[in-house]
Number of protein chains: 4
Amino acid sequence: MDGTKQQRRGNTRQRIQDVALELFAEQGYEKTSLREIAERLEVTKAALYYHFKTKEEITVSIFTDLTKPIEDLIEWGRSQPQTLETKHELVRRYSQALSEAAPLFRFMQENQATVRELQIGDSFKDRMRSLRDIIIDPQAPLTDQVRCVSAIFTLHAGMFFLQDLEGDPEEKRQAVLEVAVDLVTQAHQGA
Amino acid sequence: MDGTKQQRRGNTRQRIQDVALELFAEQGYEKTSLREIAERLEVTKAALYYHFKTKEEITVSIFTDLTKPIEDLIEWGRSQPQTLETKHELVRRYSQALSEAAPLFRFMQENQATVRELQIGDSFKDRMRSLRDIIIDPQAPLTDQVRCVSAIFTLHAGMFFLQDLEGDPEEKRQAVLEVAVDLVTQAHQGA
Amino acid sequence: MDGTKQQRRGNTRQRIQDVALELFAEQGYEKTSLREIAERLEVTKAALYYHFKTKEEITVSIFTDLTKPIEDLIEWGRSQPQTLETKHELVRRYSQALSEAAPLFRFMQENQATVRELQIGDSFKDRMRSLRDIIIDPQAPLTDQVRCVSAIFTLHAGMFFLQDLEGDPEEKRQAVLEVAVDLVTQAHQGA
Amino acid sequence: MDGTKQQRRGNTRQRIQDVALELFAEQGYEKTSLREIAERLEVTKAALYYHFKTKEEITVSIFTDLTKPIEDLIEWGRSQPQTLETKHELVRRYSQALSEAAPLFRFMQENQATVRELQIGDSFKDRMRSLRDIIIDPQAPLTDQVRCVSAIFTLHAGMFFLQDLEGDPEEKRQAVLEVAVDLVTQAHQGA
DNA sequence: TATGAATGAGAATTCATTCAT
DNA sequence: AATGAATGAATTCTCATTCAT
């Protein structure tokens with residue numbers, strides 16, 4: 001009661017995004033209804049429609065807002081010389097970016113089928129392709145290309161599939177990062 | 001097309017599974033309604049309920065039937081000595097098994113959020129854990145453990161995320177397999 | 001296993017009626033599906049249709065078979081002189097008949113709305129009317145007529161609404177009977 | 001007919017209850033679908049779900065609203081001395097309350113099997129027990145206890161089972177009441 | 001900046017019933 | 001005397017969305 005209602009003022013849009021993402025990641029996109037989002041926020045469904053035109057728009061807005069760092073990262077990557085050092089740095093920064101937007105990526109990881117149908121799908125694929133094109137050398141043998149894709153993939157999966165491996169989360173992130181960097185290195189040398 | 005109606009006799013159950021999996025993989029589990037499945041089969045929804053008690057039961061039955069080879073594989077893995085050779089063979093066979101049940105794994109890959117809620121989720125997690133426990137040495141450094149998880153993951157992802165890389169599918173599968181085998185080798189030596 | 005299957009021979013019709021009535025009384029008519037009946041009998045639904053044309057027919061047949069004694073009773077009542085003694089005997093015999101077909105009457109008591117829609121409804125109403133006409137003197141004051149209806153009703157209700165009153169069932173039946181007889185007596189004298 | 005649409009505003013919830021009870025009493029609970037209720041109200045099924053979470057909730061709400069007077073009556077009964085006069089007054093007031101909520105009690109009378117499964121069942125049984133405990137003397141002989149139950153029961157049944165007895169409804173209610181009062185008196189005197 | 005009331009479309013599921021074998 | 005396979009019609013319920021206020 002103290003401040004809560006006052007704080008709410010003016011940032012409902014933001015709060016909708018937060019709660020929505022939280023629920024999408026928890027239970028999946030299709031299983032999450034606008035009623036649930038509204039209930040958790042203690043507003044009516046209609047209020048959501050004041051801020052967003054559709055359920056999809058909520059999702060797109062979350063995606064757009066949260067992947068800005070990655071877009072920037074790609075921009076940066078493109079402007080750098082294509083050295084191994086650049087690739088390593090890219091992987092490092094990407095790992096960082098992923099862990100900062102973990103819920104979004106968990107959502108995307110676990111709802112690929114849905115994401116594919118949404119507009120997001122394409123933007124995301126584009127981004128992935130751009131990233132890949134920076135790391136991969138298209139002249140390289142297929143295995144080395146796979147290594148690069150695998151590096152990126154390892155980063156993605158790392159966040160969720162290592163949960164039942166013992167160890168401190170940050171330590172695990174470092175281990176994952178190391179493996180990914182390694183894969184990129186091997187791909188680079190292999191040529 | 002030839003003798004359609006006659007052929008239908010007695011294999012409806014099987015046909016339901018086929019069509020269901022097809023659609024689940026195509027459009028996602030939640031987006032696929034029993035009406036659609038029934039329509040594509042040219043039977044009524046009620047016919048589906050003659051063969052399966054619920055939508056989930058259809059899914060479980062598909063899973064159970066199609067992952068039998070993997071269960072066998074794990075059985076085999078456990079009975080072997082824990083050598084590098086065994087691990088390699090396991091990875092090879094797993095890659096094979098995956099590509100044989102590709103639609104199922106595509107479905108599971110792309111509908112993780114859903115799968116988590118279904119009974120399947122647990123059986124699958126168990127299986128993944130068993131597999132991991134055969135390949136991983138729990139005494140090994142964290143990075144090496146990650147390498148093994150990454151190997152398995154690379155196999156999984158390989159099937160879907162390499163689709164827009166040019167090259168013949170079988171050739172790509174071989175490349176993926178090579179990278180995975182490599183990761184396991186590194187994990188083994190790393191210790 | 002011993003004899004069961006053999007015994008089953010030739011009396012399936014009867015067993016269907018038994019199980020159906022059992023379930024109707026337990027869970028209500030509408031809530032009881034033919035599937036359930038068939039399952040409890042370990043036959044298929046189609047088997048029920050070999051013996052009865054519809055669900056309603058099952059019900060009607062149960063009713064007809066089990067209320068034969070009451071029909072006879074009414075026949076008897078009509079042939080007797082309209083003395084108080086006759087009325088008492090009628091009530092006594094009716095009480096007996098009710099307790100012998102308890103499940104049927106429980107079913108009818110608890111599913112009046114349904115029974116009304118079924119054919120049974122009318123036959124039953126007819127029977128009740130006949131009974132009433134034997135006990136009631138249409139010239140008697142309204143209160144005395146009510147007393148007679150109440151007597152019959154007390155018998156009906158007695159079976160189910162006294163269940164949570166302590167005491168031995170047969171003893172309770174006797175008490176109920178006594179009250180009913182009493183009501184009839186009062187109605188008779190009151191005139 | 002006059003200003004229909006305007007009048008509708010803001011009392012839909014109430015109208016749903018009315019129509020529902022009407023239909024439940026007319027055709028039985030199970031036979032009454034939400035579609036029918038909605039149609040008779042000229043709204044969509046979904047509108048019902050805006051006001052009530054389930055079909056059962058509609059029923060419970062009707063029950064709760066309409067049996068308030070009886071709850072009050074029991075409260076009153078408990079606060080009075082346990083004299084014969086109190087018992088008589090209780091019976092009189094109960095008769096009145098019943099006739100005021102006639103459709104509800106008709107519904108409950110005729111759908112006992114259903115009511116038993118619903119939450120209502122228990123609340124109702126509790127109420128009946130409370131009522132009984134006020135009227136009955138647990139030390140009294142069984143027959144006298146039966147007389148009391150029979151009195152209450154006569155009131156219940158009176159409403160529906162006397163319909164085909166000739167005479168003015170209010171006159172019949174009085175006759176029923178008289179018989180019930182009489183039964184209580186006899187029980188009290190220990191006849 | 002929201003809410004209350006409602007809708008239309010569609011979901012999963014259940015049921016009594018049928019019929020060729 | 002019974003089964004296996006299927007149907008058509010219905011049911012309860014959920015969802016994203018709309019709009020007057």
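Letters A, B, ... mirror the listed sequences (proteins, then strands); counts begin at 1.
- Nucleotide E:dT21 is matched to F:dA2 when pairs are restricted to Watson-Crick or G-U wobble geometry with both distances under 3.5 angstrom.
- Phosphate proximity of F:dA6 to B:T12: present, with a side-chain N or O under 4.0 Å from OP1 or OP2.
- Taking atom CG of residue B:L48 and atom C1' of nucleotide F:dG8, one finds them 14 Å apart after rounding to whole Å.
- Spacing between atom CD of B:E42 and atom C1' of F:dA5 amounts to 17 Å, rounded to whole angstrom units.
- Rounded to whole Å, the distance from CD1 on D:I16 to P on F:dC13 is 14 Å.
- Across all strands shown, F:dT14 forms a Watson-Crick or G-U wobble pair, both distances under 3.5 Å, with E:dA9.
- The aromatic rings of D:F63 and D:F124 lie perpendicular to each other, with more than 60° between the two planes, well past the 30° mark.
- Stacking of B:K55 on the aromatic ring of B:Y29 is recorded, both the 6.0 Å distance cut-off and the 45° axial limit being met.
- Using a 3.5 Å distance cut-off with no hydrogens or angles, the side chains of C:Q27 and C:E36 do pair a donor with an acceptor.
- Within residues 49-58 of chain A, the residues that have a heavy atom under 4.0 Å from DNA chain E are, in order of number, A:Y50, A:H51.
- Across the protein-nucleic acid pair, A:K45 atom NZ and E:dA2 atom P stand 17 Å apart, rounded to whole Å.
- One N or O on the side chain of B:R116 and one on the backbone of A:E26 form a donor-acceptor pair closer than 3.5 Å.
- Between A:E39 and A:K45 there is no salt bridge, since no side-chain N of the basic residue sits under 4.0 Å from a carboxylate O of the acidic one.
- Within residues 17-35 of chain D, the residues approaching DNA chain F are D:T32, D:S33, D:L34, D:R35, by heavy-atom distance under 4.0 Å.
- The distance from atom CG of C:L41 to atom P of F:dA1 is 16 Å, rounded to the nearest whole Å.
- Counting to the nearest Å, the C1' atom of F:dA6 and the CZ atom of B:R15 are 13 Å from each other.
- Rounded to whole Å, atom C1' of E:dA5 lies 17 Å from atom CD of D:Q14.
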